[in-house]
Amino acid sequence: MLINSSMVCSSLQRPVIMDFNRWNLFWSVCFGSTACLIIFGNSLSISVFSKRRLRRRAYYLLIDLAVADLLVGLFSIPIYMTTVISEEALVSRMVFDCVDMFTGFSSIFTLAFISLERLHAIARPFRHRQLSSHCYAIAIVTPWILSLAVTSTRVLLAFSVIEIQHFVVVMIISLSTPLLIYCVSYGVIYRKQSSRPQGVRARGESRLSKTLVLITGAFALTWLPFQMLVIVLNICVPCKKVAAVVVFGIKLLQFANSFVNFVIYCLRMQSYRNALYQILARCKCCLARRRELYPLTDIPSSIKLVSFSSTLNSLFPHKTEDQTT
């Protein structure tokens, strides 16, 4: 008995080591909080860019990017958590892959069109001002169509219509082409800005272009590692044994990209900060006005208690008198 009790005491005093190679409370908190931050930040971004003072046509593409990031928080992360926790087979895994690819590649292609729009604004500013809303509508819709086309290859792979090699080729082309567009566009923008006198409007366009360069760089640093991992795992058979902690960490980094844009907007764009302050102040005023209209929320409950006690006294007068004596 003494040995058993000492063993129990030692086991109680021994620190519990959390296994990060399995899904646990730590990963649930990290992915859940990331989803909440993504929904909060991108909802504010959509409302800010939709304001009249910020309703520039160049910001329409940023609204499109914020919508794609918002879908990550609403659908991609919850489906990923459900898939990992339940460990479902092909159907749920294929659904998650389709949702994840659709939202991810829509961001990739939207960033490519943003870089082309910035290139046109810097290289040909007069023609850029003459662009019609129809051109911006095409630039908004096209990334979603391209993303849907890339995502359809995952469905074809699940039903063995195409081979894994064809799927990998599509992934590589879909990743390398936008990256090439980023590099060429922002390289030309840098050369044009360095060799041109800066006016007031040109400085504003230049600052917006630098902000979008930061967004593109943050996207490349946070989103590409997982896609490279997917390509390597599909090509290299011995590489399939990767620790779960590496996959969870890289996947969390990819999801965090959808919140990084909100942070960059707050740090780089003064007009964005001013509009955000106005929205938050308006929400604060609404809460204060609601408190003025309903200052004491517990009045109805107290009235119910008083009426309830009065009805008891009226129904049982003798019993209440005996209790008081």
Side-chain angles (χ1 to χ4, degrees), residues 11-48 65-108 111 151 154 214-215 217-230 232-233 240-268 272-273 276 279-280 283-284 287:
S11 62
L12 290 175
Q13 295 176 357
R14 187 179 304 166
V16 179
I17 300 175
M18 188 176 293
D19 187 9
F20 291 99
N21 284 313
R22 295 182 179 180
W23 190 269
N24 49 36
L25 181 62
F26 173 78
W27 294 118
S28 298
V29 171
C30 289
F31 281 86
S33 59
T34 302
C36 294
L37 290 175
I38 289 171
I39 295 172
F40 174 76
N42 288 284
S43 298
L44 285 178
S45 296
I46 293 172
S47 60
V48 166
L65 182 62
V67 170
D69 291 333
L70 181 63
L71 294 179
V72 173
L74 289 175
F75 298 105
S76 295
I77 297 180
I79 293 176
Y80 178 76
M81 295 175 66
T82 304
T83 305
V84 175
I85 294 172
S86 61
E87 296 181 355
E88 295 284 339
L90 176 64
V91 177
S92 61
R93 189 61 59 88
M94 185 190 69
V95 170
F96 163 70
D97 288 343
C98 291
V99 173
D100 193 33
M101 288 178 61
F102 180 72
T103 55
F105 278 104
S106 62
S107 298
I108 290 177
L111 285 172
T151 306
R154 178 64 181 88
L214 290 176
I215 292 174
F219 179 84
L221 291 176
T222 55
W223 205 87
L224 287 181
F226 184 79
Q227 300 305 318
M228 294 296 103
L229 179 64
V230 171
V232 169
L233 292 179
K240 291 185 179 295
K241 294 182 179 181
V242 180
V245 63
V246 177
V247 178
F248 292 154
I250 293 178
K251 195 64 184 175
L252 183 63
L253 184 67
Q254 175 195 353
F255 286 145
N257 170 76
S258 298
F259 179 70
V260 170
N261 296 341
F262 172 74
V263 178
I264 295 176
Y265 294 150
C266 293
L267 295 177
R268 293 280 306 173
Y272 183 92
R273 290 197 299 269
L276 184 61
I279 292 175
L280 296 179
C283 294
K284 187 178 180 180
L287 291 176

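One is the number of the first residue; the rest follow in order along the sequence. What you see is a predicted model, and the numbers here were worked out from it, not measured in a lab.
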Inset, instruction - Quick one: closest heavy-atom pair of Gly73 and Ile77, and the distance? - result: CA-CD1, 4.5 Å
Inset, instruction - Tell me, please, which residues at least two apart from Arg273 pass side chain to side chain donor-acceptor pair (under 3.5 Å). - result: Gln270
Legend entry - Heavy-atom check, side chain of Phe219 versus side chain of Val260, under 4.5 Å: no
Legend entry - Residues that Tyr80 engages under ring pair (Phe, Tyr, Trp, His ring centres under 6.0 Å), provided they are two or more places apart: Phe31, Phe96, Phe255
Inset, instruction - State, to 0.1 Å, how close Arg154 and Cys98 come at their nearest heavy-atom pair, and which atoms those are. - result: CG-SG, 4.1 Å
Inset, instruction - Could you list the residues that satisfy side chain to side chain donor-acceptor pair (under 3.5 Å) with Thr151, not counting sequence neighbours? - result: none
Inset, instruction - Could you pull out all residues at least two apart from Ile250 that satisfy side chain to side chain contact (heavy atoms under 4.5 Å, CB included)? - result: Pro225, Phe226, Leu229, Val246
Legend entry - Phe248: ring pair (Phe, Tyr, Trp, His ring centres under 6.0 Å) partners, not counting sequence neighbours: Trp23, Trp27
Legend entry - Heavy-atom closest pair, residues Ile46 and Ala66: CG1-CB, 3.7 Å
Inset, instruction - Give the minimum heavy-atom separation between Val29 and Ser33, together with the two atoms involved. - result: O-OG, 2.7 Å
Legend entry - Straight-line distance of Asn24 CG to Cys30 SG, nearest 0.5 Å: 9.0 Å
Legend entry - Listed partners of Arg22 passing salt bridge (charged side-chain N to carboxylate O under 4.0 Å, His left out), at least two apart: Asp19
Legend entry - side-chain contact (heavy atoms from CB on, under 4.5 Å) between Ile39 and Leu70, worked out: CA-CA 6 Å; Ile39 295 172; Leu70 181 63; 4.2 Å; yes
Legend entry - Euclidean distance, Leu111 CG relative to Leu65 CG, rounded to 0.5 Å: 5.0 Å
Legend entry - Thr103 versus Ser76, closest heavy-atom pair with distance: OG1-OG, 3.2 Å
Inset, instruction - Name all residues meeting the side chain to side chain contact (heavy atoms under 4.5 Å, CB included) criterion together with Leu221; count only those two or more places apart in sequence or in a different chain, and write none if there are none. - result: none
Legend entry - Least distance between heavy atoms, Ser258 atom then Asp69 atom: OG-OD1, 3.4 Å
Legend entry - Set of residues satisfying ring pair (Phe, Tyr, Trp, His ring centres under 6.0 Å) with respect to Tyr265, sequence neighbours excluded: Phe49, Tyr272
Legend entry - Those residues that, when tested against Asp100, pass salt bridge (charged side-chain N to carboxylate O under 4.0 Å, His left out) (two or more places apart): Lys251
Inset, instruction - Report the distance from atom CG of Leu253 to atom OG1 of Thr34, rounding to the nearest 0.5 Å. - result: 10.0 Å
Legend entry - By side chain to side chain contact (heavy atoms under 4.5 Å, CB included) - contacts of Leu44 (at least two apart): Phe40, Ser47, Phe262, Leu276, Ile279
Inset, instruction - Can you sort out the partners of Cys36 under side chain to side chain contact (heavy atoms under 4.5 Å, CB included), two or more places apart, ordered by chain and number? - result: none
Legend entry - Pairs meeting criterion salt bridge (Lys or Arg N to Asp or Glu O under 4.0 Å) with involvement of residues 27-40, two or more places apart: none
